[in-house]
Amino acid sequence: TNYSNTSNNQELFARIYNVDNSDCYATTSFNLIVSQLPVANTITDVILCDDSSQDGVEFLNLESLNDAVLGDQAEAEFNVSYHLSQTDANDGTGILPNNFETITNPQPIYVRVENVSNETCYSTSLFSVIVDDFFELNQPNDLFLCDDLTNDAREIFNIAAQSNTIIEGLDGDFNITYHDSQDDANSNIDSLSGNYENISNPQEIFVRVEKITNVFCFQTLSFFIEVKETPVLDMETTRYICTGEELILTATPGFDTYMWSTGEDTNSITVESAGNYTITASNNYNTNPEITCSSTETITVIESNEAVFNSIEILDWSQSNNSVEVF
């Protein structure tokens, strides 16, 4: 009666007969079906990041773990279910919903994988869901730079300098990356270099900070970078003054402040002697932090005496050959 089948779904026949008359008998048959025993692959613990409520519980899409549990086993041939106890997993009871909210931290989860054609063929495994501590980032100030004299609104910003401020006071080790969109920051793709030239003005920069021990636990924030216009002094840099006279030097108008090397802070000054006169024009921006963009120009004033007529020589040769020469 301890019989090993020779093929799957093998049909066996039974005969029942009267012990007093073997001609009185009946027959029946049944099949021997061998179902594949599944493997509930052990998966690594799932680490989630707690939200700002800091309650230590989070939602997990259990169905997203099916591929890891099954491995190379055909999904159509096996059912995967998740349970809170080994007893429930063994009995196939207390199946958890796909969108499961953890109850404890860490949260043990028992997995049951059973053959769809034979629920008695099953295996189980165990993993834990760990809710990592929430961390809150520090909001950095926006970055501002003064444009060069081309005023093309493009400059190179040291955006990586924001890192220390962003994670100041946080415990642990973090990866910090910078991106030009929220989607890139969420997906952790196309990170920007630490020294970055803006492509628009102003431009929003998005930061992703993730725990080295748990890359799924991350936070994002953003700040702006902006290039401010620098004054351009469009004026003659060489001027002449006659001895004993005055000369007015006027800087390009339209800027917030002016400061001359003479100590005067007006748009124009009056000079009476030769020399080099320096003017600095500035635009003051009420940003946080405040920024002042300035440019400087030097005007060279050259003194010249008035012309003196030393002599006049007249040559009168004929009606058509005459000259007057002034010395």
Side-chain angles (χ1 to χ4, degrees), residues 46-60 105 130-232 255-257 259 280-296:
V46 177
I47 304 178
L48 304 177
C49 185
D50 202 358
D51 56 26
S52 57
S53 65
Q54 303 185 54
D55 56 5
V57 298
E58 286 297 320
F59 282 94
L60 173 64
N105 188 25
I130 301 170
V131 180
D132 211 342
D133 292 336
F134 173 81
F135 62 93
E136 188 169 3
L137 305 178
N138 303 308
Q139 179 63 46
N141 290 329
D142 296 333
L143 295 181
F144 301 93
L145 287 179
C146 295
D147 210 345
D148 55 29
L149 294 181
T150 63
N151 279 325
D152 59 358
R154 299 282 293 273
E155 289 296 326
I156 296 177
F157 290 81
N158 182 13
I159 57 176
Q162 300 279 59
S163 297
N164 289 337
T165 298
I166 292 171
I167 63 171
E168 184 178 2
L170 298 182
D171 294 328
D173 297 320
F174 299 88
N175 288 321
I176 304 175
T177 52
Y178 297 84
H179 308 263
D180 61 12
S181 74
Q182 184 65 60
D183 287 343
D184 286 355
N186 291 340
S187 303
N188 197 19
I189 59 174
D190 296 335
S191 60
L192 307 177
S193 63
N195 291 316
Y196 174 72
E197 184 177 30
N198 61 303
I199 56 177
S200 61
N201 193 43
Q203 180 178 349
E204 190 172 10
I205 300 297
F206 298 86
V207 189
R208 175 190 174 102
V209 181
E210 64 182 33
K211 289 188 174 183
I212 290 180
T213 56
N214 177 14
V215 297
F216 299 104
C217 188
F218 69 93
Q219 304 289 344
T220 65
L221 53 71
S222 69
F223 61 90
F224 283 88
I225 57 177
E226 185 173 357
V227 180
K228 292 296 188 181
E229 185 177 355
T230 296
V232 176
F255 306 120
D256 294 335
T257 62
M259 180 56 66
T280 298
S282 302
N283 279 334
N284 302 320
Y285 296 100
N286 187 26
T287 55
N288 184 22
E290 294 182 351
I291 185 173
T292 297
C293 297
S294 304
S295 62
T296 300

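Quick caveat, the model's predicted, so the values are computed rather than measured.
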Compare all side-chain heavy atoms of T287 with those of D142 and state whether any distance is below 4.5 angstrom. no
Do you know which two heavy atoms are closest between E204 and S222, and how far apart they sit? OE2-OG, 2.7 Å
Rounded at 0.5 Å granularity, tell me how far CG in N105 sits from CG in D133. 8.0 Å
Between atom CG of N175 and atom NZ of K211, what is the distance when rounded to the nearest 0.5 Å? 13.0 Å
Any pair with a residue in residues 179-210 that passes ring pair (Phe, Tyr, Trp, His ring centres under 6.0 Å), sequence neighbours left out, goes on the list, sorted by first then second residue, please. none
Heavy-atom count around E136 CD within 6.0 Å, excluding the residue itself: above 12? no
What side-chain donor-acceptor pairs closer than 3.5 Å can you find for residues 223-230, not counting sequence neighbours?
| unit_1 | atom_1 | unit_2 | atom_2 | d |
| --- | --- | --- | --- | --- |
| E226 | OE2 | K228 | NZ | 3.0 |
| T230 | OG1 | D147 | N | 3.3 |
| T230 | OG1 | D147 | O | 2.5 |

Measuring from atom CG of L170 to atom CG of N138, what distance do you get when rounded to the nearest 0.5 angstrom? 6.0 Å
T280: side-chain hydrogen bond (donor to acceptor under 3.5 Å, both in side chains) partners, not counting sequence neighbours: T296
Hey, does F157 have a side-chain heavy atom less than 4.5 Å from the side chain of I205? no
Hey, which of N188, T220, V207 is the one that makes side-chain contact (heavy atoms from CB on, under 4.5 Å) with T177? N188
Going by the rule salt bridge (charged side-chain N to carboxylate O under 4.0 Å, His left out), which residues pair with E197 if we only count those two or more places apart in sequence or in a different chain? R154
Rounding to 0.5 Å, atoms OG (S187) and CD (Q182) come to a distance of 9.5 Å
Are E290 and N284 packed together at the side-chain level, in the sense that at least one heavy-atom pair is separated by less than 4.5 angstrom? no
Rounded to the nearest 0.5 angstrom, the CG-CG distance for L48 and D50 is 9.0 Å
Restricting to pairs with a member in residues 167-211, which pass disulfide bond (SG atoms under 2.5 Å apart), not counting sequence neighbours? none
With sequence neighbours left out, the residues meeting side-chain hydrogen bond (donor to acceptor under 3.5 Å, both in side chains) with D183 are none
side-chain hydrogen bond (donor to acceptor under 3.5 Å, both in side chains) involving E58 - partner list, sequence neighbours excluded: none
So disulfide bond (SG atoms under 2.5 Å apart) across residues 134-168, not counting sequence neighbours, yields C146-C293
Residue pairs passing the disulfide bond (SG atoms under 2.5 Å apart) test with at least one member in residues 183-220, sequence neighbours excluded, are C49-C217
Tell me every residue that passes salt bridge (charged side-chain N to carboxylate O under 4.0 Å, His left out) with D184, counting only those two or more places apart in sequence or in another chain. none
Can a side-chain donor-acceptor contact be found between D256 and S282 if the only test is distance below 3.5 angstrom? no
side-chain hydrogen bond (donor to acceptor under 3.5 Å, both in side chains) partners for S200, two or more places apart: none
For the side chain of D180 and the backbone of N198, is there at least one donor-acceptor N/O pair under 3.5 Å apart? no
Tell me which donor-acceptor pairs under 3.5 Å the side chains of residues 159-167 have, and how far apart each pair is, sequence neighbours excluded?
| unit_1 | atom_1 | unit_2 | atom_2 | d |
| --- | --- | --- | --- | --- |
| Q162 | NE2 | N141 | O | 2.8 |
| S163 | OG | A160 | O | 3.1 |
| S163 | OG | Y178 | OH | 2.7 |

Is there side-chain contact between D173 and T213, with heavy atoms separated by less than 4.5 Å? no
Donor-acceptor pair, side chain of D132 and main chain of I47, under 3.5 angstrom: no
Return the CZ to CD1 distance between F174 and I212, rounded to the nearest 0.5 Å. 8.5 Å
